[in-house]
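What follows is one structure encoded as structure tokens, with my remarks underneath.
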Amino acid sequence: MRISILGAGNMGRAIFNHLYQRREFELALIDPKIDKIWKSLGKSGKVKPPLLFRDLLHYTQNLNQQNTILVLAVKPNQLLPLHKEIKVSKNLSFANFVIVSVVAGISLSTLRKIFKTKNIIRAMPNTPVTIGQGMTGLYFPKNISPQNKDSVLKIFELLGKTLIVNSEKKLHSITALSGSGPAYFFNFYEALLSTSKELGLSKKEILLLVKQTAIGATAMFCEAKEPINILRENVTSKGGTTEIALETLDKYEFAKGVLQAVLNAKERSINLGSELNSEIQENTQK
Ligand SMILES: NC(=O)c1ccc[n+]([C@@H]2O[C@H](COP(=O)([O-])OP(=O)(O)OC[C@H]3O[C@@H](n4cnc5c(N)ncnc54)[C@H](OP(=O)(O)O)[C@@H]3O)[C@@H](O)[C@H]2O)c1
């Protein structure tokens, strides 16, 4: 299977690294700074390097267009310049491609105007894909063949877990929950870490305590047969330390704050998407 990655930034490189380890794909990376990026990846010379290109034109001129999965991993604001690049390369057709866009907020309808193909899938990964523990939401429109669906799923299953949704709109919710989610957890851990002085613990001591508690609680959450409220109740004895701590979080409306945070993230995803989609769609009509 040939998999090409357009945009070798944080997300593009994370996806590339997992595919590269498997040594079963014919890989290509396309990025304006590709030479510098490849050097910085420091891969050993023992395995076959991927094909490296600095732009799409260079890529299509040098490769026959066999069936290819093209992972689109540029920033949303880089899509307009990319569209100009595609327009200039008159012979460039994406008919033999299946495009998988990880670009947040950019709709299938906009992407179809840029690439002039309906073979486009949207994926919403999160940063833990870098360590193979990612969560990726995927939306496959009905026209995607079962074979192409399986190939794309295989890529994201190498990066962690996947969830296929039946509506493109649900990708906004996924963005708000698992896309931004790692930062919510980091923020909570940061808040716990910031208590070191008041608790009289050194930075090293509190780091160990918070990290291992996060690992332990997450493992229990993932493995336990009981629902999470039972896990919480099991730690909370009447009149004890956990009870007063949780009552305090309640007093500061912790759960309400979390709900509002996630809803605001979803709304931001919808708004950012709609502004960019209109701007790109206007430009693709010119
Ligand atoms: N990071 C995340 O957690 C995350 C999660 C889900 C989805 N995403 C999505 O993933 C996409 C990439 O994010 P990122 O954090 O990886 O961004 P990034 O680090 O900025 O990577 C984008 C890369 O694409 C290159 N590029 C720009 N225009 C190009 C073109 N025409 N052809 C080829 N390469 C081009 C950029 O080069 P220059 O730097 O030289 O412009 C850069 O190396 C975004 O759309 C984002 O919404 C990211």
Side-chain angles (χ1 to χ4, degrees), residues 4-18 27-41 50-63 70-89 92 94 97 99-108 110-111 114-115 120-139 155-156 159-163 165 170-186 265-266 268-273 275-277 279-280 283:
S4 303
I5 299 173
L6 184 67
N10 299 315
M11 199 41 79
R13 263 179 276 180
I15 296 171
F16 167 77
N17 279 330
H18 289 281
L27 295 173
L29 275 175
I30 312 143
D31 193 287
K33 301 181 299 299
I34 196 61
D35 296 328
K36 214 168 124 198
I37 289 172
W38 182 244
K39 269 192 202 134
S40 75
L41 286 175
L51 299 157
L52 304 174
F53 302 97
R54 63 177 179 274
D55 55 45
L56 255 186
L57 185 59
H58 191 213
Y59 167 77
T60 47
Q61 277 170 348
N62 286 280
L63 280 183
L70 181 74
V71 180
L72 179 66
V74 300
K75 282 261 161 75
N77 64 4
Q78 293 165 333
L79 279 175
L80 265 181
L82 179 69
H83 175 245
K84 288 202 184 103
E85 226 179 292
I86 294 170
K87 262 171 101 178
V88 174
S89 345
L92 182 52
F94 291 95
F97 285 78
I99 298 172
V100 187
S101 169
V102 300
V103 184
I106 302 299
S107 68
L108 280 182
T110 303
L111 294 165
I114 297 176
F115 292 96
I120 309 183
I121 290 147
R122 285 190 59 200
M124 180 44 61
N126 62 7
T127 49
V129 294
T130 49
I131 55 162
Q133 294 286 352
M135 180 67 233
T136 303
L138 290 145
Y139 174 66
I155 299 178
F156 289 96
L159 310 174
K161 297 241 156 93
T162 56
L163 174 73
V165 288
K170 283 194 184 172
L171 291 176
H172 290 300
S173 303
I174 290 179
T175 305
L177 196 68
S178 55
S180 303
Y184 309 155
F185 286 89
F186 298 150
K266 182 179 172 188
R268 177 68 56 86
S269 169
I270 295 170
N271 293 341
L272 283 177
E275 280 166 30
L276 265 167
N277 282 306
E279 194 190 336
I280 298 173
N283 277 276

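Just so it is clear, the structure is predicted and the values come from calculations on it, not from any experiment. Order of appearance sets the numbers: ligands from 1, and atoms from 1 within every ligand.
- Evaluated for a side chain to side chain contact (heavy atoms under 4.5 Å, CB included) with L111, the options L72, I280, N277 yield exactly one hit, L72.
- Taking the six-membered ring where tryptophan is involved, the planes of F97 and Y59 are tilted, since the angle between them lies from 30° to 60°.
- Formation of a donor-acceptor pair under 3.5 Å by the Q78 side chain with backbone atoms of K75 is found in this model.
- Judged purely by atom type and a 3.5 angstrom limit, S178 uses its side chain to pair as donor or acceptor with the backbone of I174.
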May I have a table of the N/O to N/O pairs between ligand 1 and the protein that fall below 3.5 Å, each row giving the two atom names and the distance to 0.1 Å?
{"from": "ligand 1", "atom 1": "15 (O)", "to": "N10", "atom 2": "ND2", "distance (Å)": "3.4"}
{"from": "ligand 1", "atom 1": "16 (O)", "to": "N10", "atom 2": "N", "distance (Å)": "3.0"}
{"from": "ligand 1", "atom 1": "16 (O)", "to": "M11", "atom 2": "N", "distance (Å)": "2.7"}
{"from": "ligand 1", "atom 1": "19 (O)", "to": "N10", "atom 2": "N", "distance (Å)": "3.0"}
{"from": "ligand 1", "atom 1": "19 (O)", "to": "N10", "atom 2": "ND2", "distance (Å)": "3.4"}
{"from": "ligand 1", "atom 1": "20 (O)", "to": "K75", "atom 2": "NZ", "distance (Å)": "3.3"}
{"from": "ligand 1", "atom 1": "31 (N)", "to": "E85", "atom 2": "OE1", "distance (Å)": "2.9"}
{"from": "ligand 1", "atom 1": "37 (O)", "to": "K33", "atom 2": "NZ", "distance (Å)": "3.3"}
{"from": "ligand 1", "atom 1": "39 (O)", "to": "K33", "atom 2": "NZ", "distance (Å)": "2.8"}
{"from": "ligand 1", "atom 1": "40 (O)", "to": "K33", "atom 2": "NZ", "distance (Å)": "2.7"}
{"from": "ligand 1", "atom 1": "41 (O)", "to": "Q78", "atom 2": "NE2", "distance (Å)": "2.9"}
{"from": "ligand 1", "atom 1": "43 (O)", "to": "D31", "atom 2": "OD2", "distance (Å)": "2.7"}
{"from": "ligand 1", "atom 1": "45 (O)", "to": "V74", "atom 2": "O", "distance (Å)": "2.6"}
{"from": "ligand 1", "atom 1": "47 (O)", "to": "A104", "atom 2": "N", "distance (Å)": "3.0"}

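- Within the model, atoms CZ of R54 and NZ of K36 stand 16.0 Å from one another, a figure rounded to the nearest 0.5 Å.
- Within the 3.5 Å criterion, the main-chain N or O of V129 finds a donor-acceptor partner in the side chain of H18.
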